[in-house]
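What follows is a single structure, and I will ask about it in a moment.
Heads up: numbering here begins at 1 and tracks the sequence. Values in this document were obtained by computation on a predicted structure and should not be read as measured data. Keep in mind that the numbers below use all heavy atoms, side chains included, and drop hydrogens, waters and symmetry copies.
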Amino acid sequence: MGFLQGKTAIITGGGRSVLSNGKCGSIGYGIATAYAKEGCNLVLTGRNMNKLEAAQEELERLYGIEVLPLQVDVTAGADNEENIFKAVMKAHERFGNIQVLINNAQASASGVPLESHSTEQFDLAIYSGLYAAFYYMKACYPFLTMSKGTVINFASGAGLFGNFGQCAYAAAKEGIRGLSRVAATEWGKYGINVNVICPLAWTVQLENFKRDFPEAFAANVHMPPAGHYADTETEIGRACVQLAGPDFKYMNGETLTLEGGMGLRP
């Protein structure tokens, strides 16, 4: 029996993406794999239904868990709060209570200087990241209260260090970090654990960033001291598994960085 047997986790941005070398290049899918290996049923949301269904097929076949893929696209002008509420209710109807919410989804126009950023590009980052986290947390709150559950939100070193060409992305991620700290303060009394991870993993997005904006990549992305970028499953995914456990409740409200081989560092 796995560590999370019979529990349910919602993972946003959970579709399967593949790197040029054929390996999985999605943090959301790496987390989903780590949770599936522990017996956790999954609700995977995202914009691309093909990627979500590819994740469903592989995870159910390999690990014998159930996966509910749901297409949810958080954008300016949409009824995002209602759409996310409906998605969370579908998760509840399928699996019952919800123990874990992982806000991983994020889109952005990286490599564009602040003075050249358009309102549409800024909205892309704020809606897909910050607003999405806000609405998912609100919708999941009643179920997390009942389960004394866990929220894991994803921020970034781009916000911590002010990366060139990532103003909207950094703003969204810092907003998520602030939102998470408030939630940890307000929800801790209900037994809800809220933490933030700032990862550095080799993903499709990072691979594309290096290809499309080599100068910005060289200025912003530095190899961790261990000499490799974090693995989406065995490092980031396993960290998310640990944060869902009772041994990590004392870390409520912490911001954690996860770099290749470096483990969890408050």
Side-chain angles (χ1 to χ4, degrees), residues 1-16 28-29 31-49 51-53 55-57 59-60 63-75 78-106 127-154 176 179-180 182-184 186-195 237 240-241 243-246 249 252:
M1 180 176 292
F3 177 65
L4 299 171
Q5 190 76 32
K7 295 186 177 182
T8 300
I10 296 177
I11 304 173
T12 73
R16 188 178 188 276
Y29 190 67
I31 298 168
T33 301
Y35 270 67
K37 286 183 176 181
E38 295 296 340
C40 190
N41 294 319
L42 300 171
V43 180
L44 303 181
T45 73
R47 296 181 296 175
N48 189 317
M49 197 63 185
K51 291 182 178 181
L52 295 171
E53 290 176 343
Q56 176 189 22
E57 188 282 326
L59 294 172
E60 289 185 339
Y63 307 113
I65 51 100
E66 292 185 53
V67 178
L68 175 62
L70 296 172
Q71 187 173 33
V72 182
D73 190 6
V74 183
T75 59
D79 192 355
N80 297 303
E81 186 165 15
E82 179 65 16
N83 292 339
I84 289 173
F85 174 78
K86 288 179 179 178
V88 171
M89 290 309 297
K90 287 179 182 177
H92 171 61
E93 291 165 6
R94 174 74 174 271
F95 295 118
N97 208 1
I98 297 164
Q99 285 78 23
V100 183
L101 168 64
I102 300 176
N103 284 305
N104 161 74
Q106 178 71 65
Y127 276 89
S128 66
L130 179 55
Y131 269 113
F134 172 60
Y135 290 137
Y136 272 104
M137 290 168 72
K138 285 185 65 178
C140 289
Y141 169 74
F143 306 111
L144 296 170
T145 300
M146 288 187 288
S147 65
K148 299 187 184 300
T150 297
V151 178
I152 302 170
N153 290 333
F154 274 74
I176 289 171
L179 177 68
S180 303
V182 172
E186 295 180 352
W187 294 357
K189 61 185 177 184
Y190 303 116
I192 301 173
N193 198 44
V194 183
N195 283 296
C240 290
V241 167
L243 286 173
K249 289 295 183 182
N252 194 33

Subject >> Phe154 vs Gln106 side-chain heavy atoms within contact, under 4.5 Å >> reply: no
**OP:** Return the minimal non-hydrogen interatomic distance between Leu4 and Ala244, and the atom names on each side.
**Re:** CD2-CB, 4.3 Å
**OP:** Find out whether Asn153 and Met137 are in side-chain contact, i.e. whether some heavy atom of one side chain is under 4.5 Å from a heavy atom of the other.
**Re:** yes
Original post:
Within the side chain of Ser147, is there an N or O that forms a donor-acceptor pair under 3.5 Å with the backbone of Ile98?
Top reply: yes
Subject >> Spacing of CG belonging to Leu42 relative to CG belonging to Leu59, to within rounding of 0.5 Å >> reply: 6.5 Å
Subject >> Nearest heavy atoms of Gly13 and Ala105, plus distance in Å >> reply: N-CB, 3.6 Å
**OP:** For Tyr63, enumerate each residue passing the ring pair (Phe, Tyr, Trp, His ring centres under 6.0 Å) test, keeping only those at least two apart in sequence or located in another chain.
**Re:** none
Subject >> Non-hydrogen atoms of Leu44 and Ala32 that approach each other most closely >> reply: CD2-CB, 4.0 Å
Original post:
Is a donor on one side and an acceptor on the other found under 3.5 Å between the side chain of Asn41 and the backbone of Glu66?
Top reply: yes
Subject >> Contact check, side chains of Phe143 and Ile10, non-hydrogen atoms, under 4.5 Å >> reply: no
Original post:
What closest approach, in Å, do Ile84 and Ala132 show between heavy atoms, and which atom pair accounts for it?
Top reply: CD1-O, 4.1 Å
Original post:
What is the distance from atom OH of Tyr35 to atom CZ of Phe3, rounded to the nearest 0.5 Å?
Top reply: 8.5 Å
**OP:** First locate atom OG1 of Thr45, then atom CD1 of Ile102, and finally report the distance between them rounded to the nearest 0.5 Å.
**Re:** 11.0 Å
Subject >> Non-hydrogen atoms of Leu52 and Gly14 that approach each other most closely >> reply: CD2-C, 4.0 Å
**OP:** Without swapping roles, check the side chain of Gln99 against the backbone of Thr8 for a donor-acceptor pair under 3.5 Å.
**Re:** yes
Original post:
Hey, does the side chain of Glu60 reach the backbone of Val67 with a donor-acceptor pair shorter than 3.5 angstrom?
Top reply: yes
**OP:** Take the angle between the ring planes of Trp187 and Tyr141 and call it parallel below 30°, perpendicular above 60°, tilted in between.
**Re:** tilted
Original post:
Are any side-chain N or O atoms of Asn80 and backbone N or O atoms of Thr75, one a donor and one an acceptor, separated by less than 3.5 Å?
Top reply: yes
Subject >> Interatomic spacing from NZ in Lys86 to CG in Leu70 - rounded to 0.5 Å >> reply: 12.5 Å
**OP:** Report the distance from atom CD of Gln56 to atom CE of Met49, rounding to the nearest 0.5 Å.
**Re:** 7.0 Å
Original post:
Ignoring hydrogens and geometry, is there a side-chain-to-backbone donor-acceptor pair from Thr12 to Asn104 under 3.5 Å?
Top reply: yes
Original post:
What is the minimum heavy-atom distance between Asn97 and His92, and which atoms define it?
Top reply: N-ND1, 4.3 Å
Original post:
Under a 4.5 Å cut-off applied to non-hydrogen side-chain atoms, are Cys40 and Val100 in contact?
Top reply: no
Original post:
Parallel, tilted or perpendicular: which fits the ring planes of Tyr131 and Tyr135, with parallel below 30° and perpendicular above 60°?
Top reply: parallel
Subject >> Distance in Å, Ile31 CD1 paired with Ile11 CD1, rounded so as to fall on 0.5 Å steps >> reply: 6.0 Å
